[in-house]
J.: 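Take this structure, written in structure tokens, and hold onto it; I'll ask about it next.
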Amino acid sequence: MTAITIPSFGPADVLRLDTVPIPVPAAGQVAIDVAYAGANFAEVLYRQGVVDVPLPFVPGIEVSGRIRALGPGVEGLSVGQPVAALTIVDSGGYAEVVTTAAELVVPLDDYGLGLELAAALPSNSTTAFLVLDRVARIEPGESVLVHAAAGGVGSQLGQAARLLGAGRTVGTVGRPDKIAAAKAFGYDEVILRDDVADAGAFDVVVDMVGGASRRTSLDRLAPMGRLVVMGNASGADDVGISANELWFTNKTVSGFNLAAFAAANPAAAGAGLRRAVEAAARGQLEVRTETLSLHDAADAHRRIESGTTTGKLLLRVNA
């Protein structure tokens with residue numbers, strides 16, 4: 001089959017359109033004929049070697065498509081069903097066929113979602129619900145600050161916060177030309193990240209930028225506030241946080257990594273995906289997509305690294 005591989009770590013140009021064996025589902029897995037694959041910052045990290053993966057490696061943490069085959073012991077799914085799926089545990093979505101745990105697959109039969117939109121939900125939208133509900137444990141009426149609000153997961157966090165009962169939602173962006181794009185995703189306010197010191201206090205702050213924003217995020221927490229760390233898009237050095245400071249100020253810092261969560265708790269991750277699919281089907285999630293060819297995977301990576309993207313980039317495999 002055709003797939004995009006990472007033969008060596010490096011810039012986007014190392015991505016290669018290649019021919020690889022078709023994977024066969026193991027026990028508890030399904031094989032999916034991929035229609036669309038999401039393009040994400042996580043796959044950029046794989047390609048850069050930030051995440052240690054065996055080479056050659058097929059990236060791709062989320063897909064939509066139709067079930068091709070069922071592994072031993074899989075029930076409740078059938079060949080030919082349209083599905084959305086998280087492939088984040090072993091990756092492999094930039095290919096014509098991918099395998100993943102059956103628990104990370106949600107059938108689309110009853111939802112009326114097209115495969116293109118469905119491919120945009122498994123990573124970012126699922127993460128938004130899991131971060132706010134299971135990690136931050138948001139309560140009705142609480143205030144939420146989200147960094148990188150115009151990006152893929154940032155565009156979903158503000159909307160998920162509203163669905164979970166947040167009172168005030170504020171997003172930050174790194175450039176003025178992204179303010180309008182972020183605002184369109186339903187935030188009450190969108191400000192430049194450099195101006196966050198004047199934004200007031202928040203019960204929940206979600207930071208996927210890292211660097212200087214990690215420290216300012218902690219400063220923006222109200223007493224009993226929770227900071228959720230889920231990325232380092234800035235590429236900055238790690239930021240130390242004093243345990244004594246947390247003690248004296250009644251603040252909490254947590255981390256969330258979707259790959260590690262899905263590997264350890266596939267049923268819970270699958271439930272988060274189902275929640276995202278249901279919200280999108282009801283029209284409660286605005287997801288803006290742009291679709292490129294699988295052959296243009298390197299261009300998608302360059303755009304993600306440049307920080308110019310808003311919403312979600314998809315790769316068309318076998319639409």
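Count residues from 1 along the sequence. All values below were derived from every heavy atom in this structure, side-chain atoms included, with hydrogens, water molecules and symmetry-related copies excluded.
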J.: Given the rule in the side chain to side chain contact (heavy atoms under 4.5 Å, CB included) test, do Val153 and Ser155 qualify, once you have shown the distances and angles that lead to the verdict?
T.: CA-CA 5 Å; Val153 68; Ser155 70; over 6 Å; no
J.: Check Ala84 against Val277 and note the closest heavy-atom contact, atom names and distance.
T.: CB-CG2, 4.5 Å
J.: Please examine the side chains of Glu62 and Ile88, heavy atoms only from C-beta on, and report whether any two atoms are closer than 4.5 Å.
T.: no
J.: Under a 4.5 Å cut-off applied to non-hydrogen side-chain atoms, are Leu157 and Met208 in contact?
T.: yes
J.: With a 4.5 Å cut-off on side-chain heavy-atom distances among I, L, V, M, F, W and Y, is there a chain of contacts connecting Ile304 to Leu315?
T.: yes
J.: Applying salt bridge (Lys or Arg N to Asp or Glu O under 4.0 Å) to Lys251 and Glu245, what does each step give before you reach the verdict?
T.: CA-CA 8 Å; Lys251 296 177 181 179; Glu245 179 183 355; 5.1 Å; no
J.: Hey, can you pull the donor-acceptor pairs under 3.5 Å for the side chains in residues 102-109, sequence neighbours left out?
T.:
from   : atom 1 : to    : atom 2 : distance (Å)
Asp109 : OD1    : Gln81 : NE2    : 3.2

J.: Determine whether a donor-acceptor pair (N or O, by modelled atom type, separation under 3.5 Å) exists between the side chain of Asn257 and the backbone of Ala260.
T.: yes
J.: Please indicate whether Asp52 has more than 12 foreign heavy atoms, meaning atoms of other residues, nucleotides or ligands, lying under 6.0 Å from its CG.
T.: no
J.: Does a side-chain N-to-carboxylate-O contact under 4.0 Å join Arg214 and Asp207?
T.: yes
J.: For Arg226 and Asp203, what are the C-alpha separation, side-chain angles and deciding distance, and is it a side chain to side chain contact (heavy atoms under 4.5 Å, CB included)?
T.: CA-CA 6 Å; Arg226 290 88 71 200; Asp203 300 298; 4.1 Å; yes
J.: Taking all non-hydrogen atoms of both residues into account, name the closest pair between Ala201 and Ala222 and its distance.
T.: CB-CB, 4.0 Å
J.: Between His301 and Tyr94, how do the two ring planes meet: parallel, tilted or perpendicular, split at 30° and 60°?
T.: perpendicular
J.: Report yes if the side chains of Asp133 and Arg275 come closer than 4.5 Å at any heavy-atom pair, otherwise no.
T.: yes
J.: A quick test of your reading: do over 12 heavy atoms of other residues, nucleotides or ligands sit less than 6.0 Å from CZ of Arg316?
T.: yes
J.: Just list the side-chain donor-acceptor pairs under 3.5 Å for residues 112-132, sequence neighbours left out, or say none.
T.:
from   : atom 1 : to     : atom 2 : distance (Å)
Glu116 : OE2    : Thr291 : OG1    : 2.4
Ser125 : OG     : Gln156 : OE1    : 2.8
Thr126 : OG1    : Leu121 : O      : 3.4
Thr126 : OG1    : Pro122 : O      : 2.8
Thr127 : OG1    : Ser123 : O      : 2.7

J.: Among residues at least two apart in sequence or on other chains, which ones pass ring-ring contact (aromatic ring centres under 6.0 Å, His included) with Tyr111?
T.: none
J.: Determine, step by step, whether Arg303 and Glu290 satisfy the salt bridge (Lys or Arg N to Asp or Glu O under 4.0 Å) criterion, reporting the C-alpha distance in whole Å, the side-chain angles of both residues, the deciding distance to 0.1 Å, and the verdict.
T.: CA-CA 12 Å; Arg303 290 174 60 180; Glu290 180 181 352; 2.7 Å; yes
J.: Measuring from atom CG of Leu285 to atom CG of Leu163, what distance do you get when rounded to the nearest 0.5 angstrom?
T.: 6.0 Å
J.: With a cutoff of under 4.5 Å between side-chain heavy atoms, which Ile, Leu, Val, Met, Phe, Trp and Tyr residues group with Leu145?
T.: Val170, Ile191, Val196, Phe202, Val205, Leu218, Leu221, Leu227, Val229, Ile241, Leu246, Val253
J.: If the threshold is 4.0 Å, N to carboxylate O, is there a salt bridge linking Arg302 and Asp13?
T.: yes
J.: Val144 vs Ile138, test: side chain to side chain contact (heavy atoms under 4.5 Å, CB included). Steps then yes/no.
T.: CA-CA 9 Å; Val144 178; Ile138 188 172; 3.6 Å; yes
J.: Flag yes if Leu45 and Val89 sit in one hydrophobic cluster, no otherwise; membership is Ile, Leu, Val, Met, Phe, Trp, Tyr, and two members link when side-chain heavy atoms are under 4.5 Å apart.
T.: yes
J.: Locate the shortest heavy-atom distance separating Ala161 from Thr169; write the atom from each residue and the value.
T.: CB-CG2, 4.0 Å
J.: Calculate, to the nearest 0.5 Å, the distance between atoms OG1 and CG belonging to Thr289 and Leu313 respectively.
T.: 9.0 Å
J.: Clusters formed by hydrophobic residues whose side-chain heavy atoms approach within less than 4.5 Å: which one holds Val24, and what are its other members?
T.: none
J.: Please report the closest heavy-atom contact between Pro59 and Glu43, naming both atoms and the distance.
T.: CB-CG, 4.0 Å
J.: Linking I/L/V/M/F/W/Y whenever their side-chain heavy atoms sit closer than 4.5 Å, directly or via other members, would Val58 and Leu314 fall into one cluster?
T.: no
J.: Calculate, to the nearest 0.5 Å, the distance between atoms CG and OG1 belonging to Leu86 and Thr100 respectively.
T.: 7.0 Å
J.: Quick one: ring pair (Phe, Tyr, Trp, His ring centres under 6.0 Å) pairs with a partner in residues 142-193, sequence neighbours left out?
T.: none
J.: Heavy-atom distance under 4.5 Å between the side chains of Thr99 and Ile32, does that happen here?
T.: no
J.: Are the charged groups of Glu286 and Arg288 less than 4.0 angstrom apart, N to O?
T.: yes
J.: Under the criterion side-chain hydrogen bond (donor to acceptor under 3.5 Å, both in side chains), I'd like the reasoning laid out for Gln48 against Glu305: C-alpha separation, chi angles, the key distance, then a yes or no.
T.: CA-CA 11 Å; Gln48 293 174 337; Glu305 288 178 278; 2.9 Å; yes
J.: Is there a side-chain contact between Met230 and Leu258, using heavy atoms and a 4.5 Å cut-off?
T.: no
J.: Under a 4.5 Å cut-off applied to non-hydrogen side-chain atoms, are Leu192 and Pro176 in contact?
T.: yes
J.: Would you say the side-chain atoms of Lys183 pair up with the backbone N or O of Lys178, donor to acceptor, closer than 3.5 Å?
T.: no
J.: So, Arg68 and Glu96, do they make that salt bridge, N to O below 4.0 Å?
T.: no
J.: Does a side-chain N-to-carboxylate-O contact under 4.0 Å join Arg215 and Asp219?
T.: yes
J.: Do Arg137 and Glu142 sit within salt-bridge range, that is, some charged N less than 4.0 Å from a carboxylate O?
T.: no
J.: Establish whether Leu70 and Val97 are linked, either directly or via other cluster members, by ILVMFWY side-chain heavy-atom contacts under 4.5 Å.
T.: no
J.: Checking the side chain of Arg162 only, and the main-chain atoms of Ala166 only, is there a donor and an acceptor separated by less than 3.5 Å?
T.: yes
J.: Can you confirm whether Ile6 sits close enough to Val53 that some side-chain heavy atom of one is under 4.5 Å from a side-chain heavy atom of the other?
T.: no
J.: Nearest heavy-atom pair of Gly60 and Ser91: which atoms, and what distance?
T.: N-OG, 2.9 Å
J.: Show the numbers, then the answer: is there a side chain to side chain contact (heavy atoms under 4.5 Å, CB included) between Ile4 and Phe57?
T.: CA-CA 8 Å; Ile4 294 290; Phe57 185 75; over 6 Å; no
J.: Of all the heavy-atom pairs spanning Ala149 and Val173, show the shortest one and how long it is.
T.: N-CG1, 4.3 Å
J.: Is any NZ, NE, NH1 or NH2 atom of the basic residue among Asp33 and Arg66 found under 4.0 Å from an Asp or Glu carboxylate oxygen of the other?
T.: no
J.: When you compare the side chain of Tyr46 with that of Ile61, does any pair of heavy atoms fall below 4.5 Å?
T.: yes
J.: Under 4.5 Å between side-chain heavy atoms, hopping through other hydrophobics if needed: is there a path connecting Ile22 to Val30?
T.: no
